[in-house]
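Mind having a look at this structure? Questions to follow.
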Amino acid sequence: MTEPTTRTQAYERIDGCIGGMMEQIPQLSNIFDAFRGVLAEGAAVKAALAAVDFTNLEINPERYAQGVPLLTKDRFAVEGKSFQDAAGRLLPLMEKSFPSIRDQLRVVNEMIHESSIQCEALAMAVISGNEEEIRKTVGTRDVDPGALRFAVGLIMKPFAENAAESLPPLPEGMEWHQGYCPVCGSWPELSVLEGKEGRRWLRCSFCGHEWRFMRIQCPFCGNTDQDKLEVLFQEGRDHERAELCHECRKYVVAVDMRDRIEEIPHEVAALGMVYLDMLVQEKGYSPGARCPWNVIERQ
Amino acid sequence: MSGYSILVDTSKCTACRGCQIACKEWNQLAGTATKNTGSYENPKDLSSDTYKIVRFAEGQGANGKAFWHFFTEQCRHCLSPGCMAEVEEDEIVVDEKTGAVVYTPKTKDLDFKATLEGCPYDIPRQDAKTKVLTKCTFCNDRVGNGMLPACVKACPTGAMTFGKRDEIVAAAKKREAELKKDFPKAVALTPDDVRVIYVLKDDPKTYWKYAAGR
């Protein structure tokens, strides 16, 4: 697959793909449409970023072999001005797409543009999951932490993916056998089967890095008992599935590309299977990684 | 010319006949009674129940060395299909999206002999009972749903690949050039005229009498 080289190409690649989802599953058009502009613009933001300099990165093969990811979350820190610029492009789209949290998104926008130092601290607090720091930064403002995480997570995404793509190739012989990301340590949002042999790849929910993983193993608890692993799919769309683990009751959505003609951009493949999130969560399973679209509230 | 194409790189084919079986299975075609004729080529010809067969050809090349060629035969899905010469309505249609040449049940009203003569590759066959004409469908039902044709999916060696037409034509020409270094007679068969493009290492006649057309 040819990587997009310009912002326009990057935008159109995602925009076109989500447009296709809307045609294929019109019942979920409102969800796809809500994320369409934000994710496409996010791809355009990423296409314009310069590679992150990792020349001083020290790779410790022993720690890596023991399951320690290459980067700590602070290596994903973003310079305040760049973050503000990205927020300036993405937040108005979010406000338009998610009217129920529009007021809160406006407050987030104000916070981000108040000072670049505060903005950097806020981004770091969100990506490292530091709830105390989030509360401190929010102060007395009327913002739900969930809305804040949602917005900052989407703004952060292009930067995180760009950082992961900027990493130098690993020395030969370094293998990773964990279900979490070898780059940042986050859980996978997507599983992909591809090639004639059906190699399984997992895609990180934070930095987008992809790594090989065992075909019959739960990424979240390591369970390899095939009687406790199940695949659920909808008739007529059997290349899209949810891989369930009865042991830890978690799942990851998966796409089987073995007999597919067209590539699906992996960045948005999980969004296209949101109908499976609904079905599986109804059965009492929870997503192994939270994505902006897979936290479904029951009414 | 958009749509899709299939590249058949015969230099990678091991004649496993996985494609032949996958075609039968997907299209729900009945098994054919066969007999030992001293060749692995089995059944001996296309029929209304066999849209695709692997031709086996052995002999002695100009260099004095023995050859054993495999040619997985099927409809070429011509860009200007000769088999459509007799068509008056929609007995045979070309799918605008995929480019597949599709025979409809209305082909029972076509003159079989004329249709067969219109095909340079001797592909169409007729169902003796229904009189409907048959051949490879390009797995148009699968392709229309974003899936690879059954034969391409089944091919374990990568001899068959499927993709956008311009990419496959480019790949065929590239492969021809690569093979020419070791096999001067290597050729991509009429890539500008057909959708199923074969790449051969040797004279087409040494593979099958109609490999390059009558």
Heavy atoms of other groups near A:Glu230 CD, more than 12 under 6.0 Å: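 Atom CD in A:Glu230 is crowded, with more than 12 foreign heavy atoms closer than 6.0 Å.
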
Portion of B:Val143 that has a non-hydrogen atom of chain A nearer than 4.5 angstrom: both

Sub-4.5 Å side-chain heavy-atom contact between B:Lys164 and A:Glu262: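 A side-chain contact exists here, since the closest heavy-atom pair is under 4.5 Å.
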
Contact class of B:Pro156 relative to chain A, heavy atoms under 4.5 angstrom: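 Backbone of B:Pro156 only, per the 4.5 Å heavy-atom cut-off to chain A.
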
Side chain proximity check, A:Asp259 to B:Arg142, heavy atoms < 4.5 angstrom: yes

A:Phe98 CZ: over 12 foreign heavy atoms closer than 6.0 Å: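 Yes - once you tally the heavy atoms of other residues, nucleotides and ligands closer than 6.0 Å, there are more than 12.
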
Minimal non-hydrogen separation, B:Lys153 against A:Lys196, with atom names: O-NZ, 3.2 Å

More than 12 heavy atoms from other groups under 6.0 Å of NZ on B:Lys209: no

Within 6.0 angstrom of A:Lys96 NZ, more than 12 heavy atoms from elsewhere: no

From CG (B:Asn145) to CZ (A:Arg260), nearest 0.5 Å: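 Those atoms lie 7.5 Å apart.
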
Flag if over 12 foreign heavy atoms under 6.0 Å of CZ, A:Arg290: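 No, CZ of A:Arg290 has 12 or fewer neighbouring heavy atoms, counting only those of other groups under 6.0 Å.
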
